[in-house]
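Only this structure's heavy atoms are used, side chains among them; waters, hydrogens and symmetry mates stay out. Starting from 1, each residue takes its place in the sequence as its number. Just follow the structure's listing: the first ligand is 1, and inside any ligand the first atom is 1.
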Amino acid sequence: MEEREFSQEIIDKFPSEEIDRITALMKEQLEIRDRKYHFKKYSSCFLGRDMVNWLLENGYAANVEEALDVGNYLMSKDVFHHVCRDHPLKNQKLYYIFESDEKDRGHLPESEKPASWQDVLQEQDGKLLSGEEVNDVLASLSDWPDKNPEMSELLVDNHNRELLDNCRPLNWQDPEATQKYDLIAIGGGAGGLVSSIGAAISGGRAALIERNIMGGDCLNTGCVPSKAFIKAAKVAQTVRNSEKYGIMFEGELKVDFGKVMERMRKVRAEISEHDSVYKFIKKYGIDMYLGDAKFINKNEIEVNGQTLQIAKCSIATGGHPYVPEIAGLSDFPYLTSENVFNITEQPRHLVIIGVGPIGCELGQSFARFGTKVTMISRGNQFLPKEDPDAASYLHQSLKDDGVTILFNAEPTKVDVLNSTGKVWTPEARFEMEVLVNGIPETIQGDSILIAAGRRPNVHGLGLEEAGVDYDEIKGIHVNDYCKTTNKNVYAVGDVCSPYQFTHNSDHMARNVVRNALFFGKEKTSNLIMSWCTYTDPEIAHVGKYPHEMEEKGIKYDTYKYDIAHNDRAICDGEIGIIKIHCKKDTDTILGATIVGGPAGDMICQVSQAMFNKVGLSTMGTVVHPYPTYAEAFKALTGQYNLKKLTPKSKTALRTILNVKR
Ligand SMILES: Cc1cc2nc3c(=O)[nH]c(=O)nc-3n(C[C@H](O)[C@H](O)[C@H](O)COP(=O)(O)OP(=O)(O)OC[C@H]3O[C@@H](n4cnc5c(N)ncnc54)[C@H](O)[C@@H]3O)c2cc1C
């Protein structure tokens, strides 16, 4: 529901004590009872028009309009809400329920202390603690350790406290599992959040189970922190290159890495409100369970000692970094995407194993902050799944950033030269043996980032008990409708899909809501998937790659445009390329790769065209503002139209002109 603004007069008239007082009066005097609508019973509700009358009769408003303002202000203060959360207060026979009469969807018990992360770990402020250390402190503080999560490594500060208060409140009390749920989502990342919201806003009884921190990878260890980190690195690079634009910068460029990371944590904490447990309870009416979910049979899930019954379930347990077996590696406090955003001090020499999107985004950023970066890959191309031309732009850019590149290389051994215990600090030292083209080399450094791919989270979920097939590499086996081998259980996102992106988890979850609850037949294969690697240059792709089309025997034409010819790119000093692949001799777009400029935004235009079945011949006929990168599409449309202009059609055009003359 849209957020409203209220007059200062109303805000002043209803301080919190007054709200408490009149809530008690309203609850005494309004007719609150169970009511039915469309075969469904709504417990303990009252009518909107009765509320309006009560406000008028008791002198809280002079007319209906004022009464609606006051009532909606009380709603904004969580005093009551529409039973399906669909309407603001209306002077109609609509049903509303007081928040205090609402079913418990999970809560913080008022009596127990400490109630918030703001109250704990004060002495450890600014410190990076291992999971064990955090758990020990929590256990020593209370007699309810089993209500708290098994915490992993934590950098203790107020931004992280804010995030945890939103997304992993201390001392959480699950609701009582009394009813069968229309849909239970396992995992509070993009896939689980969207599955549960979809079920709840369609009127279903929905529950969400998260064992760690709401928001999943995207908020905590993925998209959000990495993009905030990359932004700071881009700023450093802009300053470094400012002379190119006639902006002189005297003195030495200084990167305050601690501040970069603090900004990242601040941004993450700010965004964490979107995924907060309270939002899920209050805004969507979803029951929130914070604990490890495990199937005990095909239709029941156990969490924190309670048994939850499912009509349908959406498994969205995501994945974790794959750590290759390298002798001695486990003795060194190596970094992965799960803990790299916890560090506060800048590594001097970072060795990155893996050259996929995560390795490249972070490697380039660290290099731009001034860290010496060495990147190691078994293959010989950055972003191995990407178009080789696109990857070559990134290769050049990383070279320009001073990154040392070891291709056809395999790390074989790590020797710890200086250990810093479980968490990484800049005093750590190692020596790594790497076979480069079969020849041994030795590298010394202070930090290692493992970015060698991801594995699905399939263990400990009771998938065998649920009758859900899976394997360790591809994850849960699903059909095109996201259905698993258990007809009531679906899976979405990183746990089952080769496309490991937030938007993919989101869209698969939307399909699950339709397929599981509303007889839908939405296919994953119909999703037009696009993605972007946020390096400099950005590299974005949608649809098919040439090699995929060749493997399938699909004939195609490729239209290429060097963005060095685009006026906006020239002004900005950007380089890059756009490639659009069309079905042979037609304008039907099958795939596209964009390098440079706002590639991630530009690819959306190609996705839109593909989704709406707009061909390349019409794509560039839309008027675009000048100068924009998107004007490049006009040039590509021009290329297509020119190709269609055969000698025969040219003669026909000439003839028309001659006749007209
Ligand atoms: C460094 C990095 C950068 C990235 N950048 C981008 C980007 O820019 N754009 C993009 O689209 N994608 C990006 N990704 C990928 C994106 O983060 C994931 O694809 C997305 O978060 C997957 O969502 P999900 O819901 O499938 O799983 P997740 O977000 O992993 O959520 C799964 C949740 O399930 C919980 N869980 C697991 N098991 C259980 C259990 N038994 N009981 C209860 N809960 C459980 C986990 O605690 C977790 O919270 C990035 C990833 C990384 C690592």
For this session: Check each heavy atom of Y534 against ligand 1 and say whether those closer than 4.0 Å belong to the side chain, the backbone, both or neither.
Result: side chain
Exercise. Of the backbone atoms (N, CA, C, O) and the side-chain heavy atoms from C-beta on, which set of S226 has a member under 4.0 Å from an atom of ligand 1: side chain, backbone, both, or neither?
Worked result: side chain
For this session: Determine whether the side chain, the backbone, both or neither of L461 has a heavy atom under 4.0 Å from any heavy atom of ligand 1.
Result: side chain
Problem set entry | Contact check: L362 vs ligand 1, nitrogen or oxygen atoms, below 3.5 angstrom | no
For this session: Can you pull out the closest protein heavy atom to atom 16 (C) of ligand 1? Residue, atom name and distance to 0.1 Å, please.
Result: T502 OG1, 3.5 Å
Exercise. Any idea which part of S505 is under 4.0 Å from ligand 1, heavy-atom wise: side chain, backbone, both or neither?
Worked result: side chain
For this session: Could you tell me if any non-hydrogen atom of P357 lies under 4.0 Å from any atom of ligand 1?
Result: no
Seminar exercise, completed: Numbered in order shown, the ligand 1 atoms found under 4.0 Å of a heavy atom of D292 are 40 (C), 41 (N), 42 (N)
Exercise. Given that the side chain starts at C-beta and the backbone is N, CA, C, O, which of these parts of V495 lies under 4.0 Å from ligand 1, counting heavy atoms, or is it both or neither?
Worked result: neither
Problem set entry | Contact check: D494 vs ligand 1, nitrogen or oxygen atoms, below 3.5 angstrom | yes
Exercise. Can a donor-acceptor pair be found between the side chains of D572 and Y629 at a distance below 3.5 Å?
Worked result: yes
For this session: Answer with side chain, backbone, both or neither: which part of T317 has a heavy atom less than 4.0 angstrom from an atom of ligand 1?
Result: both
For this session: Would you give the length of the straight line joining atom CG of L155 to atom CG of N339, rounded to the nearest 0.5 angstrom?
Result: 11.0 Å
Exercise. What protein heavy atom sits nearest atom 33 (C) of ligand 1, and how far off is it?
Worked result: E210 OE1, 3.6 Å
Exercise. Parallel, tilted or perpendicular: which fits the ring planes of Y289 and Y181, with parallel below 30° and perpendicular above 60°?
Worked result: perpendicular
For this session: With heavy atoms only and a cut-off of under 4.0 Å, state how S337 meets ligand 1: side chain, backbone, both or neither.
Result: side chain
For this session: Could you pull out, from A293, C496, P225, S195, the option with a heavy atom nearest to atom 40 (C) of ligand 1?
Result: A293
Problem set entry | Heavy-atom nearest option to atom 32 (C) of ligand 1, drawn from S530, A316, A451, G462 | A316
For this session: Compute the minimum heavy-atom distance from G460 to ligand 1 and say whether it is under 4.0 Å.
Result: no
For this session: Have a look at C218, G356, G318 and point out the one with the heavy atom closest to atom 17 (O) of ligand 1.
Result: C218
Exercise. Identify the closest protein heavy atom to atom 51 (C) of ligand 1: which residue and atom is it, and at what distance?
Worked result: G222 CA, 3.8 Å
For this session: Mind checking side-chain hydrogen bond (donor to acceptor under 3.5 Å, both in side chains) for E464 and listing every partner two or more places apart, or none if nothing turns up?
Result: Y470
Exercise. Within less than 4.0 angstrom of ligand 1, does K227 place any heavy atom?
Worked result: yes
Exercise. Which residue supplies the protein heavy atom nearest to atom 13 (C) of ligand 1, what is that atom called, and how far is it?
Worked result: C223 SG, 3.2 Å
For this session: Return yes or no for this condition: an N or O of G215 is under 3.5 Å from an N or O of ligand 1.
Result: no
For this session: If you have a sec, work out which protein heavy atom is nearest atom 28 (P) of ligand 1 and how many Å separate them, to one decimal?
Result: D217 N, 3.7 Å
Exercise. What are the two closest heavy atoms between L329 and Y334, and how far apart are they?
Worked result: O-CD2, 3.6 Å
List the atom pairs, donor and acceptor, that lie under 3.5 Å between side-chain atoms in residues 291-299 and the rest of the protein, sequence neighbours left out.
from : atom 1 : to   : atom 2 : distance (Å)
N297 : OD1    : N299 : N      : 2.8
N297 : OD1    : E300 : N      : 2.8
N297 : ND2    : E300 : OE1    : 2.8

For this session: Look up atom CD1 in I315 and atom CG in N457, then write down how far apart they are to the nearest 0.5 Å.
Result: 11.5 Å
Problem set entry | Ring centres under 6.0 angstrom apart (F366, F229) | yes
